[in-house]
Each structure stands twice: as structure tokens, then as C-alpha cells.
**Q** 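After the C-alpha cells below, expect a handful of questions from me.
Numbering of ligands and ligand atoms starts at 1, following listing order.
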Amino acid sequence: MPMNEPVPFLLVDDLDENLVALEALLRRDGLVCHKARSGEEALELLLKGDFALALLDVQMPGMNGYELAEFMRSSERARHVPIIFLTAGTADAQRRFRGYEAGAVDFIQKPVEADVLRSKAEVFFDLYRQRQQIISQRDELEGLARALRTSDRRKNEFLAMLGHELRNPVAALGAGLDLLARRKDPDHAEVLRQEMGQNVQHLARLVEDLIDIARIDQGKILLKKERVKLQEVLEFAARLAAHDIAAARHELTLDITEEPIWLDADYARVAQIINNLLGNAVKYSPPGQKIGLSVRSAGSSVAIEVSDTGIGIPEDRQAEIFELFAQVEGANGKTEEGLGIGLALVRQLVELHGGTITLKSSAPGKGSVFEVCLPTSS
Ligand code: ADP
């Protein structure tokens, strides 16, 4: 129950005029009064809703107040509802005892003294509000604990993956050094050096991404904004990705208007965003697929689309791909190489530019389309 919802309480009396009088005494903002004219009617209400307090007339035809209280105490739902009995005349000790046994917390004599009733009832209304507050705090804490557990699990998985990701290039570099020391053939040495260079590049990219994520987390990434021609950045990003695209025999199609589109942006960061999306398009497509990079200018913003005809993303995983360390398992239950930080980083960089990134469409086996919208400058 949200904190400012009204507090419900129950009045049970067989006489209408008593119900009306009691309601008039207690009525005020923040309370809702429910009325029952018999024990049976009251039970029905008690089984449906929760109440901060039940004020029960003792003498009623049919089920009397004590019997109603006993029913309430045996019901899981109504057991905790505090009961105040309204008795005509002084209740003798024995009757009071029966009342307390049935679960009463108090007795009020009729004719009711307005101030006494109000202040006693207020205690229970307060208790009810406090209980609701505790329940909502408990729910909030449970939610936080769940989120912490998920993020802890992801971090552990991430550390395991980081180990794997680092081991491959490091092992390749170690083997390369070993071979260089043993074989003196210059042509072979050149090939080895190129391979080692690629491994160093891969390691450097990983380390840069890790540093970026940490910096963003601490709010330390500063954009070096300048007047940037979008076409130039896109061509640069496409050139950067060209080697991997060719190696996987993909075909890249550019659909970029010649009319210059200007951004007030960080050139290197925008290139990083596009390069990352192109890199994923390459990585998550079997060889020989089509990759597209297109631009559509709309008013004060521009939409950049990166599409592929690769493995796609199942619908139930699409919501999480922009989260840190999120990776989608492939059909074989394994993830491709990667750390699950690329898209999280891309989203942050896009948002730092005042833009948005969305997965426009994706389906397993049908490919994916990512769209980055960035504000343009005149
Ligand atoms: P990773 O380092 O794992 O590639 P990303 O943050 O870049 O991390 O991507 C998160 C996940 O989103 C990937 O593990 C992959 O499952 C999925 N994904 C991203 N881009 C694509 C794409 N173009 N096609 C299919 N799946 C993708």
C-alpha cells in the first residue's frame, strides 16, 4: 500500500444510528470507514480487506461481538486486526475477561466519550501506518537485495570472463615471443609481429573499455566537444572496422547523405560508438552477411542505423543488453567472446551526448538493427 493511502477501519453495530454516530465521531481525512450491521457482514468484509481497527458492538442479534472476535482470531487474514468492544453499561469483570480472551485490546463504554474514542482509535491508526511503512520498506529492501545479488553474480561472471579474455592474447603473445627467439626467418618474423600487434591491439581495446567503464561510473568522462561533420566520423569508423568485416567476408553497405550533418560532439567518442556497433554486427553474424550503416536526418537530430543479418537477439533478452556485463547466450548455450561491457559503454557515451540508443528490431536468425539518435548543431 502506498504511504499516503487512507487507513481503513471497521465499525460493527446492528443499529444504523450507532454506526452513523460513530462514523461522525471518527471521520476525518486519511481514514476510510467501513460499516457492517451484523457479525456475518463484518466477517465478509474482514476476509476481503485489511483494517487498522475493528470497533465491535458486543450485543448484536445473531453472532454477537465476542463470537465475531473469536472468528476473527481463528482467521489467518483477520487475526491481527485490533478489536475494541463497545459495551452498553459497565462490563463486569467476567464479561471483560471473555472479551480479552476473544482478542479484545480494549473496552469502551456507551455512551461513547468522543475524545476517549478518538485518541484510542488514533493509536491503532498510527500503528497501522507504521506497519504499512515497514512493509513497504521491507519490499524496497528485498528489491535492493535482489538487485545487489544480480549485480554481484554478474560481476563474478565478468571477472571469470575477463580472465579468459586476457588469457588468449597473453598466451598468443608469449608463444609469439618464444617463436621469435627460436626462428630467425625474417618473413616469418614479420607475420608473427603482425599477429602479435593484433593481440596487443585487442588487449589495449579491452583495457581502454575497462578504464572507460570505471571512469563513467565515477562521472569522470569528459567529452572533448567540437564541431564535427558526422559523415567524416562515420567513414572513419567504417575504415576502422574494414579489416574485421573483410576477414569475416561480410559486405558493408553505406547509405550516408552527402549534405553535411554537423554535430557538437566528441569526434573520438562518436567514432567509438559506431565502431563498437559495427564490431558487434561483425562478431554476432556468421561469415558472409550484410552489414548496413545509414543516416537519416530529422529536424534537430540525426538517426544513425547499424544493421546486420546475423544471429539476432531473443525477445526476452533484448531489454538487458545495454546493462553492464549482460551477455546473451547463443543457441549452443555459450556466449561469443566479449565482456558484456560494449553496449553499456556505448549507451553511456550516447547519453553523454544527449542522445539515445535503441535496439530497433532483432530476431533470432534474422539479424538486428540498432539506432543511435544524436542532436545536431546548426
Ligand atoms: P559483448 O562484449 O558481449 O559483445 P556487448 O555489451 O557489446 O558485449 O553486447 C551485449 C550482448 O548483446 C552480447 O553478448 C550479445 O549477446 C548481444 N549483442 C550485441 N550486439 C549484437 C548483434 N549485433 N547481434 C546479436 N547480438 C548482439
**Q** Ile321 heavy atoms, cut-off 4.0 Å: which ligand 1 atoms fall inside?
**A** 10 (C), 12 (O)

**Q** Is a salt bridge present between Arg37 and Asp57, judged by a nitrogen-to-oxygen distance below 4.0 Å?
**A** no

**Q** Taking both backbone and side-chain atoms of Leu343, is any N or O found less than 3.5 Å from an N or O belonging to ligand 1?
**A** yes

**Q** Which of the atoms of ligand 1 are close to Lys283, meaning less than 4.0 Å from one of its heavy atoms?
**A** 1 (P), 2 (O), 4 (O)

**Q** Is there a chain of hydrophobic side chains (I, L, V, M, F, W, Y, each step under 4.5 Å between heavy atoms) that links Val346 to Leu352?
**A** yes

**Q** Below 4.0 Å from ligand 1: does a non-hydrogen atom of Arg317 turn up there or not?
**A** no

**Q** Any side-chain heavy-atom pair from Val170 and Leu203 closer than 4.5 angstrom?
**A** yes

**Q** Parallel, tilted or perpendicular: which describes the rings of Phe125 and Phe9, with under 30° parallel and over 60° perpendicular?
**A** tilted

**Q** Quick one: does Tyr284 get an N or O within less than 3.5 Å of an N or O on ligand 1?
**A** yes

**Q** Hey, which atoms in ligand 1 end up nearer than 4.0 Å to a heavy atom of Ile341?
**A** 6 (O), 8 (O)

**Q** Run Asp212 and Gln272 through side chain to side chain donor-acceptor pair (under 3.5 Å) and show every step you take.
**A** CA-CA 11 Å; Asp212 276 351; Gln272 185 180 358; 3.1 Å; yes

**Q** Below 3.5 angstrom, do we get any N/O pair linking Gly340 and ligand 1?
**A** yes

**Q** Output every pair passing salt bridge (charged side-chain N to carboxylate O under 4.0 Å, His left out) with a member in residues 225-236, not counting sequence neighbours, ordered by first then second residue.
**A** none

**Q** Looking at Arg296, I'd like to know if its CZ atom is crowded, meaning that more than 12 non-hydrogen atoms belonging to other residues, nucleotides or ligands lie closer than 6.0 Å.
**A** no

**Q** Any nitrogen or oxygen of Ile313 lying under 3.5 Å from a nitrogen or oxygen in ligand 1? Just yes or no.
**A** no

**Q** Using a 4.0 Å heavy-atom cut-off, which part of Phe370 comes near ligand 1: side chain, backbone, both, or neither?
**A** side chain

